[in-house]
Amino acid sequence: MFQPRIPVNPLPTGADIPLIQPPVGADIEPIAPAQTPVAPLAPAQTPVAAPRTTVQLTPGSALALVAGGGAVVLVVGAVLVSMLLAVAITGVSVALIAVVLRLVVRDMQKGW
């Protein structure tokens, strides 16, 4: 009753693959993971610490990081401003062309 019903998806070739369901009364037994034997440590051996994965910031690297972030902000800002300027120039030129065309059409209607 509470089992999901997954529809059978037809393939592009037209062949249907039915959904394989386990029998209702099947018992599923969990499998324990295999344990690997561990060799005992000799008295002179000590376990080696794992390498550190943390990043330590020195004042120089923090300054470089801030300068890099500021450079990225400046570059992105310059690109956005230039795109806005390009759109503004295009809009002004289209408006100017519309005014000139309107004057030309009016002159053609008057018969000049």
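Any value given below was found using the heavy atoms of this structure, including those in side chains, with hydrogens, waters and symmetry copies removed.
Under the side chain to side chain contact (heavy atoms under 4.5 Å, CB included) test applied with Met83, the options Val79, Val87, Val81 reduce to a single match, Val79. Checking Arg102, Met108, Arg106 one by one against Val104, the side chain to side chain contact (heavy atoms under 4.5 Å, CB included) holds for a single residue, Met108.
Side-chain contact between Leu80 and Leu84 is absent, with no heavy atoms from C-beta onward closer than 4.5 Å.
Across all non-hydrogen atoms, the minimal contact from Thr90 to Ala86 is OG1-O, 2.8 Å.
With hydrogens and angles ignored, the 3.5 Å screen pairs no side-chain donor or acceptor of Ser61 with any backbone N or O of Leu57.
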